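A quick note: this is a predicted structure, and the numbers were derived from the prediction, not measured.
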Amino acid sequence: MHAQLSPAFATTIDYRRDPLFEALGRYVARPISGSFRDAVRIFLRVLLVARREKVLLLSSSWGRLHPEVLAAAFIGLWPSRFRPRIILLGCMWEPNNGVRGLLEKLLLRLADRAIVRYVVQSTEELSLFPLVWGVAHEKMRFCPFFFTFDAQDSTAAAPDGEYVFAGGNSMRDYEPLVEAARRMPERRFIFATHHLDGRDDLPPNIVTGTVSHERFMALLRSAWAVVVPIEQGLHRAAGQQTYLNAMWLGKPTIVNDTLGVRDHIEDGQTGLVVSGTAESYVEALTWIADPDNREAVKAISSAGRQAVEEQFSFERHIEGVLSILDEVIAETE
């Protein structure tokens, strides 16, 4: 496929900064906002494009209504000879209970008639996703995520760096980290999240609140250490963007052991993978702070940056996506 350098698929995922991806794909412009009106627009655009394309690469998670998944469900109702082959890429979903959960599974059952590949962000999901959602194991593919820190982020004014940073809202659990901060009153913690808004029981060494993207990146860039506290018991990977960015910046990075973490971090070599209890965070931060471990911490931080540059760059991610596209396009010929 790469030799022909002519559009071979249509996509709603804007990877056009990669020249090869841009040459091979027709980009279906997605509205910037996540409003209901824009969700309807992208839903209709996908249906329109699907009538003339053989292969579609769609986002699994854009917008609250997931209009691309909804469009795939409608396409699944078409006769098989009229359906394009759909690849779903991105963060997958946490299942809900009750009626909503049943409706989600029904929607995916319809979409699955047109979807030929689910591209997930952890190797655990290769077996877990089919069990949870009832799709074929043969449709599963793994493609690691990539770091997103760029030159523009590097220009943001940096604050004083004597603090532990944790940030993000999606799939986060800050309670054990709050308890860890309570046990380490000598250490300053900054949490960029809305999860702790309105709390009046936080220890004085915690500063918390929602920040702009620019401020988030500046806080990440100047942190003494970074913790990514992910919810336990998830059915999907989460937090990769934050911890890969932290590793690329050469920060000692602590992440609790959830889906996808060990696909991206080698414990004790490129980062620290912990259980996610308050005790495990205190132990990891105490180890990093120990002067006797200075060289070991430096080595882990350096190896983390190197691993991200070599294995989890945007270019490596694109190689993985294009390989899956090659596979699917070959099946149409």
Does some side-chain heavy atom of Leu322 sit less than 4.5 Å from a side-chain heavy atom of Leu24? yes
Are Leu106 and Leu102 co-members of a hydrophobic cluster defined by side-chain heavy atoms under 4.5 Å apart? no
Separation between CG (Leu70) and CD1 (Ile42), nearest 0.5 Å, reads 12.0 Å
Does the structure place the NZ or CZ of Arg188 under 6.0 Å from the centre of the six-membered ring of Trp224, at an angle of no more than 45° from the ring's axis? no
Sub-4.5 Å side-chain heavy-atom contact between Tyr15 and Phe314: yes
Considering all heavy atoms, the nearest Ile230-Gly239 contact: CD1-CA, 4.3 Å
The side-chain contact (heavy atoms from CB on, under 4.5 Å) partners of Ser35 (sequence neighbours excluded) come to Ser33, Arg37, Asp38
I want to check something: taking the side chain as every heavy atom from C-beta on, are Glu214 and Phe216 in contact at a cut-off of under 4.5 Å? no
Review item, side-chain donor-acceptor pairs of residues 45-67, under 3.5 Å, at least two apart:
{"unit_1": "Arg45", "atom_1": "NH1", "unit_2": "Ala29", "atom_2": "O", "d": "2.4"}
{"unit_1": "Glu53", "atom_1": "OE1", "unit_2": "Arg26", "atom_2": "NH1", "d": "3.0"}
{"unit_1": "Glu53", "atom_1": "OE2", "unit_2": "Arg26", "atom_2": "NH1", "d": "3.2"}
{"unit_1": "Ser59", "atom_1": "OG", "unit_2": "Ser61", "atom_2": "N", "d": "3.3"}
{"unit_1": "Ser59", "atom_1": "OG", "unit_2": "Trp62", "atom_2": "N", "d": "3.3"}
{"unit_1": "Ser60", "atom_1": "OG", "unit_2": "Leu89", "atom_2": "O", "d": "3.4"}
{"unit_1": "Ser60", "atom_1": "OG", "unit_2": "Cys91", "atom_2": "O", "d": "2.6"}
{"unit_1": "His66", "atom_1": "ND1", "unit_2": "Gly63", "atom_2": "O", "d": "3.0"}

Once side-chain hydrogen bond (donor to acceptor under 3.5 Å, both in side chains) is applied, do any residues pair with Glu319, and if so which ones, sequence neighbours excluded? none
Heavy-atom closest pair (Pro185 atom, Asn205 atom, distance to 0.1 Å) is CA-ND2, 3.7 Å
Is there side-chain contact between Arg187 and Glu162, with at least one heavy-atom pair below 4.5 Å? yes
Show every donor-acceptor pair shorter than 3.5 Å between a side-chain atom in residues 285-295 and any protein atom, with sequence neighbours excluded, or say none if there are none.
{"unit_1": "Thr286", "atom_1": "OG1", "unit_2": "Val282", "atom_2": "O", "d": "2.7"}
{"unit_1": "Asp290", "atom_1": "OD1", "unit_2": "Asp292", "atom_2": "N", "d": "2.9"}
{"unit_1": "Asn293", "atom_1": "ND2", "unit_2": "Trp287", "atom_2": "O", "d": "2.9"}

Selection residues 246-271 - residue pairs positive for salt bridge (charged side-chain N to carboxylate O under 4.0 Å, His left out), sequence neighbours left out: Asp257-Arg262
Val274 vs Tyr281 side-chain heavy atoms within contact, under 4.5 Å: yes
Should Glu279 and Arg183 be marked as a side chain to side chain contact (heavy atoms under 4.5 Å, CB included) after you check the CA-CA gap, both sets of side-chain angles, and the distance that decides it? CA-CA 9 Å; Glu279 292 78 8; Arg183 300 180 191 183; 3.1 Å; yes
Pair Glu283-Ser280, side chain to side chain donor-acceptor pair (under 3.5 Å): steps then yes or no: CA-CA 5 Å; Glu283 181 179 354; Ser280 70; over 6 Å; no
Testing the 3.5 Å rule here: is there a donor-acceptor pair between the side chains of Glu104 and Asn96? yes
How close do Gly260 and Ala237 get, counting heavy atoms only, and between which atoms? CA-CB, 4.3 Å
Report yes if some heavy atom in the side chain of Ile86 is under 4.5 Å from a heavy atom in the side chain of Val116; otherwise report no. no
Could you measure the distance from the OG1 atom of Thr208 to the CD1 atom of Ile190? Nearest 0.5 Å is fine. 10.0 Å
Using residues 130-147 as the side-chain source, report each donor-acceptor pair under 3.5 Å to any protein atom, sequence neighbours left out, with the distance given to one decimal.
{"unit_1": "Lys139", "atom_1": "NZ", "unit_2": "Asp112", "atom_2": "O", "d": "2.8"}
{"unit_1": "Lys139", "atom_1": "NZ", "unit_2": "Asp112", "atom_2": "OD1", "d": "3.0"}
{"unit_1": "Lys139", "atom_1": "NZ", "unit_2": "Asp112", "atom_2": "OD2", "d": "3.4"}
{"unit_1": "Lys139", "atom_1": "NZ", "unit_2": "Ile115", "atom_2": "O", "d": "2.8"}
{"unit_1": "Arg141", "atom_1": "NE", "unit_2": "Glu327", "atom_2": "OE1", "d": "3.4"}
{"unit_1": "Arg141", "atom_1": "NE", "unit_2": "Glu327", "atom_2": "OE2", "d": "3.1"}
{"unit_1": "Arg141", "atom_1": "NH1", "unit_2": "Glu138", "atom_2": "O", "d": "3.0"}
{"unit_1": "Arg141", "atom_1": "NH2", "unit_2": "Glu327", "atom_2": "OE2", "d": "2.5"}

Please report the interatomic distance CE(Met247) to OG(Ser302), rounded to the nearest 0.5 Å. 11.5 Å
Can you pull out every ring-ring contact (aromatic ring centres under 6.0 Å, His included) where at least one residue sits in residues 96-121? Sequence neighbours excluded, please. Tyr118-Phe129
Nearest heavy atoms of Ala72 and Ala114, plus distance in Å: O-CB, 4.2 Å
Which atoms form the tightest heavy-atom contact between Ile300 and Gly271, and what is the distance? CG2-N, 3.5 Å
Between atom CG of Leu196 and atom CG of Asp201, what is the distance when rounded to the nearest 0.5 Å? 9.0 Å
Asp197: what forms a side-chain contact (heavy atoms from CB on, under 4.5 Å) with it, not counting sequence neighbours? His194, Thr210
Are Leu108 and Ile87 grouped together when hydrophobic residues (ILVMFWY) are joined by side-chain heavy atoms under 4.5 angstrom apart? no
If only side-chain N and O atoms count, and only distance matters, is there a donor-acceptor pair under 3.5 Å linking Gln306 with Glu310? yes
Do Arg17 and Glu22 come close enough that some side-chain heavy atom pair is under 4.5 Å? no
Could you list the residues that satisfy side-chain hydrogen bond (donor to acceptor under 3.5 Å, both in side chains) with Glu331, not counting sequence neighbours? Arg85, Arg117
Is the ring centre of Tyr163 less than 6.0 Å from the ring centre of Phe191? no
Under 3.5 Å, is there a donor-acceptor pair between the side chain of Ser301 and the main chain of Val297? yes
Would a hydrophobic clustering, with Ile, Leu, Val, Met, Phe, Trp and Tyr connected at side-chain separations under 4.5 Å, put Leu219 with Met217? yes
Parallel, tilted or perpendicular: which describes the rings of His264 and Tyr243, with under 30° parallel and over 60° perpendicular? perpendicular
Nearest-0.5 Å distance, CZ of residue Phe21 to NE2 of residue His317: 8.5 Å
Measure across Gly168 and His195 and return the closest heavy-atom pair with its distance rounded to 0.1 Å. O-CD2, 4.1 Å
Is any side-chain heavy atom of Thr242 closer than 4.5 Å to a side-chain heavy atom of Arg172? yes
Taken in chain and number order and not counting sequence neighbours, the residues that satisfy side-chain hydrogen bond (donor to acceptor under 3.5 Å, both in side chains) with Thr258 are none
Criterion side chain to side chain contact (heavy atoms under 4.5 Å, CB included) on Val226 and Leu220, from CA distance to verdict: CA-CA 7 Å; Val226 175; Leu220 187 67; 3.8 Å; yes
Please assess Arg316 against Glu309 for the test salt bridge (charged side-chain N to carboxylate O under 4.0 Å, His left out), listing each intermediate value before the final yes or no. CA-CA 9 Å; Arg316 288 295 298 272; Glu309 287 186 334; over 6 Å; no
Would you be so kind as to tabulate the donor-acceptor pairs closer than 3.5 Å made by side chains of residues 74-83, with sequence neighbours excluded?
{"unit_1": "Arg83", "atom_1": "NE", "unit_2": "Trp78", "atom_2": "O", "d": "2.8"}
{"unit_1": "Arg83", "atom_1": "NH1", "unit_2": "Arg113", "atom_2": "O", "d": "3.1"}
{"unit_1": "Arg83", "atom_1": "NH2", "unit_2": "Trp78", "atom_2": "O", "d": "3.1"}

Asn256: side-chain hydrogen bond (donor to acceptor under 3.5 Å, both in side chains) partners, not counting sequence neighbours: none
Could you state the interatomic distance from CZ (Arg305) to OG1 (Thr253), rounded to the nearest 0.5 Å? 12.0 Å
